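For reference, the structure is listed below as C-alpha cells.
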Amino acid sequence: MTRDAEHLLPSAAPVTLIDSEGRAVTPDGRDLPATERLVRALAGLISARRLNDQAYALVRQGRLAVYPSSHGQEACQIAAAQVLDEGDWLFPTYRDTAAAVARGVDPVEVLTLLKGDWHSGYDPYVRRVAPLSTPLATQLVHAVGVAHAARLRGEPTVVMALCGDGATSEGDFHEAVNFAAVFDSPVVFFVQNNRYAISVPLSRQTVAPSLAYKGVGYGIPGEHVDGNDAAALLHVLGTAVERARAGEGPQLVEAHTYRMQAHTNADDATRYREDAEVEEWAAKDPLLRLETYLRSTGAIDDTKLAEFTAAAEELAQRTREALNQDVEPNPEDLFRHVFAAPTPQLRAQLAVVLDEISREETH
C-alpha cells in the first residue's frame, strides 16, 4: 500500500462511464465493463427496484414494521454485490436489502429483521453476508475484523463494508478505517453518499470537496464515482476489490447518489428537501440510464426486458406471499440463540416462562 499523497487523492470529478442520457463516456482511458456484466447488472437493478417498491407496499399493509428504501440507489446495491467473489464478505447497513438479495440471500429472510421477528433472519455464513446493521457504522469495525482475520490466515478474502454519508461522522468509522489502514486489511469501505442522514444534509457532515478525501488522512487511496452509473460502479468497485485482494490494503470509495424516497416510512422528507431537488435526481435514474445505453448498443430488446421484469415480479410475488403469512412465535426462541450453549440462568428463566404458559393453558 502506498502512502504517497499523490496516489491517495481521488479523481477531480466522480468517475462516470455512462452519462445521465445513457451515452458512453470513457475518460482517462477507462474501459466500460463487458456487455454481459452490464446486462446482468440491469437484471439486478430491475429486481432491486421491484423489491424496494414491494417492501414499501408491505409496510403500508402492516406486514413490515419499517423499510429503509434504496430506491434510486440500486446501482450501488447491485454493483457492490456483483464485484465480489464467492468467498468474499458483504457487510450491509439497514438500507442494503437489495445488496444482500443480490448476493443470494432470500429476500424473505432479509426482511424478517424489518418485520420485527428476528435480529437477523438468515445465517450470515451461508452467503457471507453479515446481518443488516441498524446502528450507524458499527458494522465497519466488524468488517475490518473479518478482513484482518482473513489476512492473518492467508486467505484471499476481501470484505465490502457499506455505509452512508452520515456514518462517516461516527467514531466507529474512524476506528475501522484507521485500524484497516495500519494493518493493511483487505477491506473496501463503500460510502453511499445519498445527500442526507435522515434529515441532516451533507453540508452538516463535511465541508470537504468529497468524502473520498477522507482516505488521505488515514493513508489509504480514495475514489469517488457517479453512484447512479452502474458501469462506473462496477469498474471502480471492481478495481478497489482487485487492489485489496492483491495486498494493496484497504480502499475507500464514495458513490454520489440520492435517496429518492423518505428515510423510512416513518419520515416526512418534505420537511427538509424541495420537490425540485428530487425531480432533478429523478432524471438521473440508474435503471433508465443503463437500459437506455444497452438498448442503444442492441444488447437488450423488449423481449429481454420483459424477461427481467417477469423475474422481478416473481421475486416480489414470492416475497409478498411469504410475508403475508402470520407466524406463531415460539416463546422458547427468546432463549434459544442468546448463547451457543444455554447458561444455567437462561435455563432457569426458560423454565419459569414455560411454567407460566402451562398454567395459563390449564385455566
Side-chain angles (χ1 to χ4, degrees), residues 1-19 24-41 44-45 73-91 99 102-103 140 143-144 147 150-151 155-163 177 180-181 184-193 210-216 218-257 286 289-290 293:
M1 180 176 65
T2 178
R3 267 108 175 149
D4 182 351
E6 182 179 345
H7 294 91
L8 300 179
L9 291 171
S11 54
V15 176
T16 300
L17 299 182
I18 298 175
D19 67 18
V25 289
T26 52
D28 304 324
R30 302 176 193 263
D31 295 325
L32 280 167
T35 299
E36 294 77 11
R37 294 186 69 197
L38 295 178
V39 171
R40 178 176 173 235
L45 288 176
Q73 298 177 220
E74 292 95 345
C76 296
Q77 304 278 297
I78 299 306
Q82 291 189 355
V83 298
L84 296 176
D85 287 348
E86 185 177 351
D88 295 334
W89 273 87
L90 177 74
F91 275 73
R103 184 80 171 136
L140 302 182
V144 172
R151 180 175 179 272
E155 298 171 352
T157 302
V158 172
V159 177
M160 178 74 68
L162 278 56
C163 70
V177 179
D184 285 349
S185 303
V187 56
V188 176
F189 295 99
F190 182 31
V191 182
Q192 296 177 77
N193 175 6
S210 164
L211 292 171
Y213 282 86
K214 285 181 177 286
V216 178
Y218 300 101
I220 69 173
E223 184 57 282
H224 57 155
V225 57
D226 184 336
N228 288 18
D229 179 359
L233 283 159
L234 289 170
H235 172 78
V236 171
L237 288 174
T239 299
V241 167
E242 290 173 3
R243 288 173 176 169
R245 200 184 312 280
E248 296 182 32
Q251 313 287 312
L252 175 64
V253 175
E254 175 195 13
H256 297 271
T257 184
R289 181 187 302 200
L290 185 57
Y293 169 75

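Predicted model only: the values in this text are computed from it and were never measured.
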Exercise for the section: For L162 and F91, run side chain to side chain contact (heavy atoms under 4.5 Å, CB included): C-alpha distance rounded to whole Å, both residues' side-chain angles, the deciding distance at 0.1 Å, then the answer. Expected result: CA-CA 6 Å; L162 278 56; F91 275 73; over 6 Å; no
Problem - Check: E223 side chain, S11 main-chain N or O, donor-acceptor pair, under 3.5 Å - result: yes
Handout entry: Y218 vs L252 side-chain heavy atoms within contact, under 4.5 Å
Key = no
Practice task
Evaluate the side-chain proximity of L17 to V25: yes if any heavy-atom separation is below 4.5 Å, no if none is.
Solution key: no
Problem - Beyond-backbone contact of V216 with L9, side-chain heavy atoms, under 4.5 angstrom - result: yes
Exercise for the section: For E242, check side chain to side chain contact (heavy atoms under 4.5 Å, CB included) against everything at least two apart and list the hits. Expected result: none
Practice task
Compute whether any side-chain donor of one residue and acceptor of the other, for Q77 and Q192, lie under 3.5 angstrom apart.
Solution key: yes
Practice task
Output, in order, the C-alpha distance, side-chain angles, deciding distance and verdict of side chain to side chain contact (heavy atoms under 4.5 Å, CB included) for V83 and L234.
Solution key: CA-CA 7 Å; V83 298; L234 289 170; 4.0 Å; yes
Exercise for the section: Could you check if a side-chain atom of V159 sits within less than 4.5 angstrom of a side-chain atom of L90, using non-hydrogen atoms only? Expected result: no
Handout entry: Close side-chain approach of P221 to L8, heavy-atom, < 4.5 Å
Key = yes
Handout entry: Any donor-acceptor pair under 3.5 Å from D85 side chain to G87 backbone
Key = no
Problem - Closest non-hydrogen atom pair, L233 against A255 - result: CD2-CB, 4.1 Å
Exercise for the section: Take M160 and L237 through the side chain to side chain contact (heavy atoms under 4.5 Å, CB included) test and state the conclusion after the steps. Expected result: CA-CA 9 Å; M160 178 74 68; L237 288 174; 4.2 Å; yes
Handout entry: Any side-chain donor near an acceptor of the partner, T16 and D229, under 3.5 Å
Key = no
Problem - N/O donor-acceptor pair under 3.5 Å between E254 side chain and L211 backbone - result: yes
Problem - Nearest heavy atoms of G44 and I78, plus distance in Å - result: O-CD1, 3.4 Å
Practice task
Search all heavy atoms of A99 against all heavy atoms of A81 and return the closest pair with its distance.
Solution key: O-CB, 3.7 Å
Practice task
Please examine the side chains of F189 and V144, heavy atoms only from C-beta on, and report whether any two atoms are closer than 4.5 Å.
Solution key: yes
Exercise for the section: Evaluate side chain to side chain contact (heavy atoms under 4.5 Å, CB included) for L140 paired with V177, printing each intermediate quantity in order. Expected result: CA-CA 8 Å; L140 302 182; V177 179; 5.7 Å; no
Practice task
Could you check if a side-chain atom of V15 sits within less than 4.5 angstrom of a side-chain atom of H224, using non-hydrogen atoms only?
Solution key: no
Practice task
For Q82, enumerate each residue passing the side-chain hydrogen bond (donor to acceptor under 3.5 Å, both in side chains) test, keeping only those at least two apart in sequence or located in another chain.
Solution key: none
Completion exercise
On a heavy-atom basis, the closest approach of L290 and A230 is CD2-CB, 3.9 Å
Practice task
May I ask you to say whether D88 pairs ionically with R245, meaning some side-chain N is under 4.0 Å from a carboxylate O?
Solution key: yes
Problem - Distance in Å, C76 SG paired with F190 CZ, rounded so as to fall on 0.5 Å steps - result: 4.0 Å
Fill in the blank from the handout: Tested for side chain to side chain contact (heavy atoms under 4.5 Å, CB included) against H256, the lone hit among D226, V191, N193, N228 is N193
Practice task
Could you tell me whether the side chain of V188 reaches within less than 4.5 Å of the side chain of P250, counting heavy atoms only?
Solution key: no
Completion exercise
What one should report as the nearest heavy-atom pair of P33 and A231 is CG-O, 3.4 Å
